[in-house]
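Start at 1 and go down the list; that is how both ligands and their atoms are numbered. What you are looking at is a predicted structure, and each value in this text was computed from that prediction instead of being measured.
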Amino acid sequence: MRESPAIGDHIPPDRTLLGPGPSNIHPRVYNAMSETVVGYLDDSYVDVMNDVQEGLRYLFGTENEYTFAVSGTGSAAMETAFTNLLEPGETVLVPSNGYFGKRMGEVASRAGAEVVYVDAPWGESLDPGAVADAFEKHQPTVFGFVHGETSTGVKQTAVPELAEIAHEHDAYTIADTVASLGGVEFHTDEWNIDVVYSGSQKCLSAPPGVSPITFSDRAVEKIHAREKPVRSWYLDLEGVWEYWDNDPNYHHTGPISSMYALREALRMVCEEGVENRWERHERVAGALKAGVEEMGMPLAVEDECWLPTLNAVSVPDGVDDERILERLVSEHGIEIVGGLGAFDGEIFRVGCMGNSARPENVAHFVTAFGNVLADEGADVDVGAGIAVTAAALSE
Ligand SMILES: Cc1ncc(COP(=O)(O)O)c(C=O)c1O
C-alpha cells in the first residue's frame with residue numbers, strides 16, 4: 001500500500017502586491033471564481049465566453065472578430081501570437097532592450113523563425129529610426145515589440161510610428177501588453193496593430209491563467225494561408241477558434257472558474273471606463289514616483305517613457321536590495337521585486353497595477369519603503385517623500 005503524504009491546511013499570507021504581478025484581486029473577482037462550474041459547452045458558459053469577448057474588444061479598442069482569452073498565462077498568449085503568425089524560415093524582428101523582448105525571440109526561434117534584434121539601451125524605448133534601419137537591413141515579415149517592458153519599467157512610445165514602418169514593409173506587428181493593457185493607454189485598431197496579447201493577473205487583477213489576445217483580419221488571413229501547420233496543436237488558432245466561434249465545438253476544456261473571474265474583472269473595467277482607469281494608474285503611480293524621487297531615488301527611466309504600472313526605482317548606494325525586499329515582506333506584508341538582467345541589483349521594481357493601484361497602498365508603500373531604507377543606512381529624506389506622495393494623492 002502506498003503511504004499518503006500529509007497535506008495540511010494552506011493559509012496564504014495577506015500581502016500588498018506591488019510587484020510586477022500578480023496584483024491584488026478584488027473580492028468581486030474572488031466571488032465570481034467560486035461560482036458553480038458547468039460543462040465547457042453549457043449555454044451558460046458560452047454566454048460567459050461571449051461576454052469576455054465583448055469586454056476584451058472594448059479593452060483592446062478593437063472591432064477584431066478574433067478576440068478571445070488563451071487558456072494559459074501571458075507566455076502562452078505570446079506563443080500563440082508568434083507560432084501562428086510565423087512560418088518556419090520567416091524573419092522576425094524583436095527588441096533586445098528587455099527580458100520579455102528577448103523571450104519573444106526565444107519563442108519565435110522555436111517556431112522556426114530567423115530572429116533578428118533591434119537594440120536600445122536598457123531603460124529606453126525603441127527609437128523609430130533604429131526600427132526603420134533594422135527593417136531596411138533585415139526585411140522581417142513580423143515585428144514584435146513590448147508596450148510595457150516589466151524588466152525595465154519602460155513604456156514603448158511612438159507605437160503608431162512603429163506600426164507604420166512595419167506596414168510600409170508589408171510586415172505584421174505583434175504587441176506585448178501583458179504589463180500595460182488596462183493600465184496604460186492602448187488602441188489596437190487606431191494604432192493599426194495586427195496581434196495584441198496580454199495577461200489577466202496584472203492590470204486586470206484577475207488570477208493568472210487566462211490571457212487576452214486579438215488578431216486583425218489581415219493577420220487571420222495570413223494564418224489561414226499557412227503552408228505548414230502551426231507547430232503547437234494546443235495553441236493553433238484554427239483549432240482554438242472552433243471553441244470561440246459563434247457555434248462553438250470542443251477543442252479543449254475551458255478554464256471555467258478562471259473565465260468567470262476574467263469576466264468579472266472585465267465588468268469592473270467597463271464600469272470604471274477604460275480612460276478613467278488609465279488616468280487612475282497615472283495619478284496613483286505618479287504619487288508613488290514623486291515620493292520616491294523626493295526621497296532621493298530617481299527612476300531608472302526618462303519621464304517620457306515612464307511606465308506607470310511598473311516603476312524602476314534606483315537602488316541607493318550602499319544598500320543591499322535583497323535585504324530591503326525581505327524586510328518589506330516580513331515587516332510590512334508588501335511585495336516588490338528586484339531588477340533582472342542588466343538591472344540586477346540596480347533597481348527595485350514597484351508595480352502599480354489594477355486593484356493594487358490604490359492611494360492607500362501607495363501611501364503605505366512609500367512610508368514603509370522610506371523607513372526601511374533609512375533604517376538600513378540609505379541617505380533618503382523619508383519625511384519629504386511621504387509629504388510629496390500625500391500631497392499628490394490628495395490632489
Ligand atoms: C511584459 C511581459 N510579457 C510576458 C510576460 C509573461 O507572462 P506570464 O508570466 O503570465 O506567462 C510577462 C510576465 O511578467 C510580462 O511582464
*On the 0 to 90° scale, with breaks at 30° and 60°, tag the Phe68-Trp244 ring pair as parallel, tilted or perpendicular.*
tilted
*asked:* Give the atom numbers and elements of ligand 1 that come within less than 4.0 Å of a heavy atom of Ser75.
replied: 6 (C), 7 (O), 8 (P), 11 (O)
*Kindly confirm or rule out an N or O of Gln201 lying under 3.5 angstrom from an N or O of ligand 1.*
yes
*asked:* Within a 6.0 Å radius of atom CD on Glu275, are there more than 12 heavy atoms belonging to other residues, nucleotides or ligands?
replied: yes
_Ligand-residue contact atoms, ligand 1 with Thr73, heavy atoms, under 4.0 Å_ = 8 (P), 10 (O), 11 (O)
*Return the residue, atom name and 0.1 Å-rounded distance of the protein heavy atom closest to atom 16 (O) of ligand 1.*
Thr150 OG1, 2.4 Å
*asked:* Looking at Trp306, I'd like to know if the NZ or CZ of Lys289 sits under 6.0 Å from its six-membered ring centre while staying within 45 degrees of the ring's axis.
replied: yes
*Whether Lys202 lies under 4.0 Å from ligand 1, heavy atom*: yes
*Can you check whether Glu149 has an N/O within less than 3.5 Å of an N/O in ligand 1?*
no
_If the condition is side-chain contact (heavy atoms from CB on, under 4.5 Å), which residues does Ala374 pass it with, not counting sequence neighbours?_
Val380, Val382
_Under 4.0 Å from a heavy atom of Arg103: which atoms of ligand 1 are those, numbered in the order shown and with their elements?_
6 (C)
*asked:* Could you check whether Trp233 and His251 have their ring centres less than 6.0 Å apart?
replied: yes
*Counting from 1, what ligand 1 atoms have a heavy atom of Asp176 closer than 4.0 Å?*
1 (C), 2 (C), 3 (N), 4 (C)
*Lys222 pairs by salt bridge (Lys or Arg N to Asp or Glu O under 4.0 Å) with which of Glu87, Glu90, Glu227?*
Glu90
*Return yes or no for this condition: an N or O of Val146 is under 3.5 Å from an N or O of ligand 1.*
no
*Does Gly148 have a heavy atom less than 4.0 Å from any atom of ligand 1?*
yes
*Between His281 and Glu279, does any side-chain donor sit less than 3.5 Å from a side-chain acceptor?*
no
*So between Tyr197, Tyr99, Phe100, whose heavy atom ends up nearest atom 2 (C) of ligand 1?*
Phe100
_Within 6.0 Å of OH in Tyr99, more than 12 heavy atoms from elsewhere_ = no
